[in-house]
Amino acid sequence: MLRSAIFLAALLPGTQAFADGTPTLSPAKTAEQAGLVDIRQLAPGIAEDIKYAGSDNFVGTPVDGYLAPKCFLLKPAAEALARVERDLEARHRKLQVFDCYRPARAVAHFVRWAGDLSDQRTKPEHYPTLDKGALLGDYIAPVSGHSRGATTDLTLMQCDANDAHCKPIDMGTSFDYFGTLANTESPQATPAQHANRELLRAAMEREGFRNYAMEWWHYTLTPEPTPDTIYDVPVQ
């Protein structure tokens, strides 16, 4: 916890890179300056349930930096995600995004929350089998790939023949479930849940996104447009 807090305190005020390979913080103050675009500009029909703009998340409160429930990505990632959405339409499916670009200040909020062991309000839903003290590290990192603008958290929805009444398919866990059941290849998931996870993975991989094995919902465009830069532009 102390190392994470020191790192964030050092990184957020400045824009320099660090000798140990940690990223540069962009000086951009607006989404336009950062090259971030609203996914709705390219895929207006995509479903959004931006968890960190509200209280339905593992912190239990709106997260710093989320002033609106919007999905921003760097343009190459947004274009690739829009292609995924178009590809799914032929099978009456669509994407539902939970998070996209994540400001660095939001990650700092996560770290502060993880360090407050007295706040256990969201344990039953988000980390029922884990001690909160174990979350900082594998689950909550002091720097998030989301802050580089090319990572998204999402699920797959199945619609009816008229592309209406779309519902999320069963993936085995909710978004931001901390535990091994959320691992993409978890042996705890049922065959049907594995098949659904594979549907999402195949759709994302066709357009260049790579899954993070610990979280079935987490995908990053490869190669990343700015792999050594993170951003702290508010989502608004």
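Along the sequence shown, residues are numbered consecutively beginning with 1.
Look at R197 and E185 and you find no salt bridge, because none of the NZ, NE, NH1 or NH2 atoms lies under 4.0 Å from a carboxylate O. Using a cutoff of 4.0 Å between basic side-chain nitrogens and carboxylate oxygens, R102 and D232 are not scored as salt-bridged. A salt bridge links R201 and E198; the closest N-O separation between the charged side-chain nitrogens and carboxylate oxygens is under 4.0 Å.
Remark: Y66 engages Y52 in a ring pair (Phe, Tyr, Trp, His ring centres under 6.0 Å) (not counting sequence neighbours). Residues forming a side chain to side chain contact (heavy atoms under 4.5 Å, CB included) with N162 (at least two apart in sequence, or on another chain): D160.
Among the candidates N57, L136, V59, D64, the single residue satisfying the side chain to side chain contact (heavy atoms under 4.5 Å, CB included) test with F110 is V59.
Proximity of K132 to K123: side-chain heavy atoms (C-beta onward) are nowhere separated by under 4.5 Å. L95 has its side chain out of reach of M157: every pair of non-hydrogen atoms, C-beta onward, lies at least 4.5 Å apart. Looking only at side-chain heavy atoms (C-beta outward), H92 and Q158 come within less than 4.5 Å of each other. Counting heavy atoms from C-beta on, the side chains of H146 and D99 come closer than 4.5 Å. Side-chain atoms of T180 and Q188, non-hydrogen and from C-beta on, do get closer than 4.5 Å to each other. Residues H165 and C159 fail the side-chain proximity criterion, which asks for heavy atoms closer than 4.5 Å.
W216 and T173 are linked by a side-chain donor-acceptor pair at a separation below 3.5 angstrom, with hydrogens and angles left out of the test.
Minimum heavy-atom separation, E85 to I46: OE2-CA, 3.6 Å. Across every non-hydrogen atom of L81 and L73, the tightest pair is CD2-CD1, 3.9 Å. Between N196 and M171, the shortest heavy-atom distance links the atoms O-CE, 3.5 Å.
Remark: K75 NZ is loosely packed, at most 12 non-hydrogen atoms of other residues, nucleotides or ligands lying under 6.0 Å away.
Under a 4.5 Å side-chain heavy-atom cut-off, the cluster of Ile, Leu, Val, Met, Phe, Trp and Tyr residues that includes Y177 is completed by L181.
Each of V37 and Y231 belongs to its own hydrophobic cluster when Ile, Leu, Val, Met, Phe, Trp and Tyr are linked at side-chain heavy-atom distances under 4.5 angstrom.
Note on ring orientation: taking the six-membered ring where Trp is involved, the planes of F175 and F98 are parallel (angle under 30°, cut-offs 30° and 60°).
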